[in-house]
Amino acid sequence: MSSNFATAWPLFNMPRAASLLLSNLRVRVRMAAECFWPVAILLESTGGKHSSVPPLTGLRHVRRSGREKQTRLARAFKFSLGLFLVTGTSGLRIRPAIMWTLLTTVAAVALAAAAFPPSVPAQTCTGGPITSVATFDPAKDYFADASTRADTLTYAKNFNVQYFKSYKVVTIRSSGTSKQYTLQLCNATPVTGAIAVPVSSLAIDSSDMYAAAFIERIGQLGTLGHVGPDTSLVSSPCLLKRIAANQTIPYGNGTEINGSASLVFASAALAGAPNTPFISIAAAIRAETTPLARAEWVKFFSLFSNTESTANDLFQNTIARVYDCHANYGKSQKSANRVAWLASSSLQSGPSNSFSSPDESYTSAMISDAGFTPLTLPAGSTRDAATAVLKQTDLFIEDTPVGSSTNSTWDSLLTLYVSDTAAVHDFPFAQAGISGLAFKPDRLRTIDGADYFVYNHWAQPDVLINELLFSATWSTNLGKHGNLFRALPADDNEVVIGPSACVTTDPSASLIALTGLSCPASGDNTATPVGHDGGGGGGKTGAAIGATIAVLLFVAAGVLAWVFRHEILDKVRVMRESHGEGGGDGRWTRAKARSGAIELT
């Protein structure tokens, strides 16, 4: 039959066949409206909106209500209506037709309950461009304004973000693997597994304490509801102030954040809150090799508060601008200073025999950008190798971790490197005696011993390069103190910081004035951008969705063609007969009885 059908289908008869088929469907829709009216009333009652409206109006109302509420019953009703239209009612009396409709409705509801996944729980967050669920427009692009996006990255390589109409997908890369997170705007139709943004309450675990400095710098410290379990690592005065005022609550195993924090920055799920989403960021940021690459992660943290425009402006017009200005200044000085940033593998009372350049790629980039020459040591270098480097060093940054120990003295640190401390006076950086250029980046420390530098300098490269350049001229500025470094030969003591030291101004406001340096209030970045490895996940996802929809449409067309195969073939025969290829109504009558079609009169 299929071959006869193929040869019998004249192209000029297609409009007439389509017209007959549409007329048939219109009749079925009218009958379906009357048969489904009791079901429509039932659905409206179930949805809490019973109303006595005409049948066709009621159907439209149910269909509209189903779009707004996205309830299973509304979808089941649509599905059963489809079954009714496909199966037809010809040959059935009205009462059997209603019974058949009710049976198909019950079957559709059962099928829908099994086939449709449970809906995502309603979002409880507030804020953002969508003021309420009722005002959400799925066709609108809520990120059309480029200033509200952070998808243009100049330096950072270990994260990227793709924007869709009402959500954003951020990818984090670390140790050869990548993870994706979907951030859904509040009051938009929820996406399964998405984190609703803006997040009103965050938590930070000790493993990812670095996040606090970025969050604070974009002015979102107020969203930090919990921190723990080791609060002795907190070194931000403003965060300490929040903890003292019970605005940020310490936690132990995480049970304290259940039901309050929507997200935790941590290396793993918290034992006491295993269902709270967590994101690990420390390793990914540390893997960035340059100061500006790490600092550009302010854009990442802005994604969770929808403050991308703030982060973009902060990074371009403050962090990168000030950093580049200092870098150009340093290089213009044509200094021959050789800088060694070294550390012993451990703090001990006697000589150490394991040294390195800590965070070598980062510190070397910082030294080079400041116009100096970095002197480095590979991990595990011997004491003799360290001494050989120090003999060439003009500026020495001693960065051995001291934990909560305070005011490590110059003499105690020297014994790690040399057996005869007197010999150090012949080294270039120490020849000026108490004016010698040896520093330790632990000037600011909390009463619990937390070193401010450790968890804050990633977010403040503009402050750090300013400090480095100032340190090179410290012997002529003995009356001044740095913000991060203390001068070791001068027995410069640490400064204890606490809640009272909290200031709301940006760290760049406390930069030390350098002779001959004047950075413009705003301007374009002048550093050469590092290549960015942007992801293509968004395009691949869209292509996959499009392919899936195409396949489903193809399958649906095939199913409809199979269901209406007898009607289509018989209509073709009727049209052929009307063109003189044979007459009679016998074939149409037999086909009508066989397929249950409604006779059009």
Looking at Glu216 and Leu239, would you say the former's side chain and the latter's main chain have a donor-acceptor pair under 3.5 Å? no
Ignoring hydrogens and geometry beyond distance, is a side-chain donor-acceptor pair present between Gln180 and Ser178 at under 3.5 Å? no
Tell me which pairs pass ring-ring contact (aromatic ring centres under 6.0 Å, His included) where either residue lies in residues 485-511, with sequence neighbours left out. none
What distance do Asp369 atom CG and Asn328 atom CG have between them, rounded to the nearest 0.5 Å? 10.0 Å
Give a yes or no on whether the backbone of Leu377 and the side-chain of Ser357 come within a donor-acceptor separation of less than 3.5 Å. yes
Give a yes-or-no answer on whether the side chains of Asn456 and Ser235 include a donor-acceptor pair shorter than 3.5 Å. yes
Might you work through the side-chain contact (heavy atoms from CB on, under 4.5 Å) test for Phe355 and Leu390, ending with a clear yes or no? CA-CA 12 Å; Phe355 299 89; Leu390 291 178; over 6 Å; no
With side-chain hydrogen bond (donor to acceptor under 3.5 Å, both in side chains) as the test, would you mind laying out the steps for Asp205 and Ser207 before giving the verdict? CA-CA 5 Å; Asp205 189 73; Ser207 62; 3.0 Å; yes
Just do the side-chain contact (heavy atoms from CB on, under 4.5 Å) check on Val339 and Asp394 with the steps written out, would you? CA-CA 6 Å; Val339 180; Asp394 300 305; over 6 Å; no
Counting only N and O atoms by type, is there a donor-acceptor contact under 3.5 Å from the side chain of Asn466 to the main-chain atoms of Ile512? yes
For Asp230 and Ser206, work out which heavy atoms get closest and say how close. N-OG, 2.9 Å
Are Glu308 and Arg149 ion-paired here, with the side-chain N under 4.0 Å from a carboxylate O? no
Gap separating the CG atom of Leu303 from the CD1 atom of Ile195, nearest 0.5 angstrom: 10.5 Å
To the nearest 0.5 angstrom, please state how far the OG1 atom of Thr387 sits from the OH atom of Tyr417. 10.0 Å
With sequence neighbours left out, the residues meeting side chain to side chain contact (heavy atoms under 4.5 Å, CB included) with Thr152 are none
In Trp474, Phe439, Phe429, the residue satisfying ring-ring contact (aromatic ring centres under 6.0 Å, His included) with Phe396 is Phe429
Please give me the minimum heavy-atom distance between Leu185 and Pro129, naming the atom from each residue. CD1-CG, 3.8 Å
Heavy-atom side-chain contact between Thr363 and Pro374 under 4.5 Å: no
Sorted by chain and number, sequence neighbours left out, ring-ring contact (aromatic ring centres under 6.0 Å, His included) with Trp341 holds for none
Please report the closest heavy-atom contact between Ala320 and Leu292, naming both atoms and the distance. CA-CD2, 4.0 Å
From the list His481, Lys440, Arg486, side-chain hydrogen bond (donor to acceptor under 3.5 Å, both in side chains) partner of Asp492 resolves to His481
Side chains of Thr446 and Asp448: donor-acceptor distance under 3.5 Å anywhere? no
Sequence neighbours left out, what passes side chain to side chain contact (heavy atoms under 4.5 Å, CB included) with Thr505? Give chain and number order. Val503, Ala509
Flag the pair Ile367 / Phe372 as yes when at least one side-chain heavy-atom distance between them is below 4.5 Å, and no otherwise. yes
Look at the side chain of Ser412 and the backbone N and O of Ser408, then say whether any donor-acceptor pair between them is shorter than 3.5 Å. no
Exam field: side chain Thr231 to backbone Val227, donor-acceptor pair closer than 3.5 Å: no
Name the orientation class of the two ring planes belonging to Phe300 and Trp297 (parallel below 30°, tilted from 30 to 60°, perpendicular beyond 60°). tilted
State, yes or no, whether a side-chain contact exists between Ser352 and Arg383 at a heavy-atom distance under 4.5 Å. no
Sidechain-backbone polar pair: Arg443 side chain, Gly482 backbone, donor-acceptor under 3.5 Å: yes
Between Ala472 and Leu437 the two heavy atoms that sit nearest each other are O-CD1, 3.8 Å
Heavy-atom side-chain contact between Leu347 and Pro401 under 4.5 Å: no
Interatomic distance, Ile249 atom CD1 to Leu224 atom CG [nearest 0.5 angstrom]: 10.5 Å
Contacts of Ser309 that satisfy side chain to side chain contact (heavy atoms under 4.5 Å, CB included) - sequence neighbours left out: none
CZ (Arg445) and CG (Asn493) are apart, to the nearest 0.5 Å, by 12.0 Å
Does Glu296 reach the main-chain N or O of Tyr155 with its side chain, forming a donor-acceptor pair under 3.5 Å? yes
Phe265: which of Phe214, Tyr210, Phe301, Phe278 passes ring-ring contact (aromatic ring centres under 6.0 Å, His included): Phe301
So does Gln162 get a backbone contact from the side chain of Asp151, meaning a donor-acceptor N/O pair under 3.5 Å? no
Just checking, any donor-acceptor pair under 3.5 angstrom between side chains of Ser147 and Asp145? yes
Take the angle between the ring planes of His457 and Tyr362 and call it parallel below 30°, perpendicular above 60°, tilted in between. perpendicular
Given Ser508 and Arg217, is the side-chain contact (heavy atoms from CB on, under 4.5 Å) satisfied, shown in steps? CA-CA 10 Å; Ser508 61; Arg217 191 146 196 197; 3.9 Å; yes
Are any non-hydrogen side-chain atoms of Tyr142 and Asn306 less than 4.5 angstrom apart? no
So Lys157 and Glu288, do their side chains get closer than 4.5 Å, heavy atoms only? yes
May I ask you to decide if Ser510's main-chain N or O and Asn483's side chain share a donor-acceptor pair within less than 3.5 Å? yes
Tightest non-hydrogen contact, residues Leu240 and Ile497, listed as CD1-O, 4.4 Å
For Ser344 and Glu398, the nearest pair of non-hydrogen atoms, with its separation, is N-OE2, 4.3 Å
Just do the side-chain contact (heavy atoms from CB on, under 4.5 Å) check on Leu314 and Ile218 with the steps written out, would you? CA-CA 8 Å; Leu314 170 67; Ile218 57 174; 4.0 Å; yes
Side chain of Glu467, backbone of Leu484: donor and acceptor closer than 3.5 Å? yes
Is the shortest side-chain heavy-atom distance between Pro237 and Tyr452 below 4.5 Å? yes
Would you please name every residue forming a side chain to side chain contact (heavy atoms under 4.5 Å, CB included) with Ala283, sequence neighbours left out? Ser174
Rounded to the nearest 0.5 Å, the CG atom of Leu183 sits from the OH atom of Tyr167 at a distance of 11.5 Å
So do Ile465 and Val322 actually touch side chain to side chain, heavy atoms under 4.5 Å? no
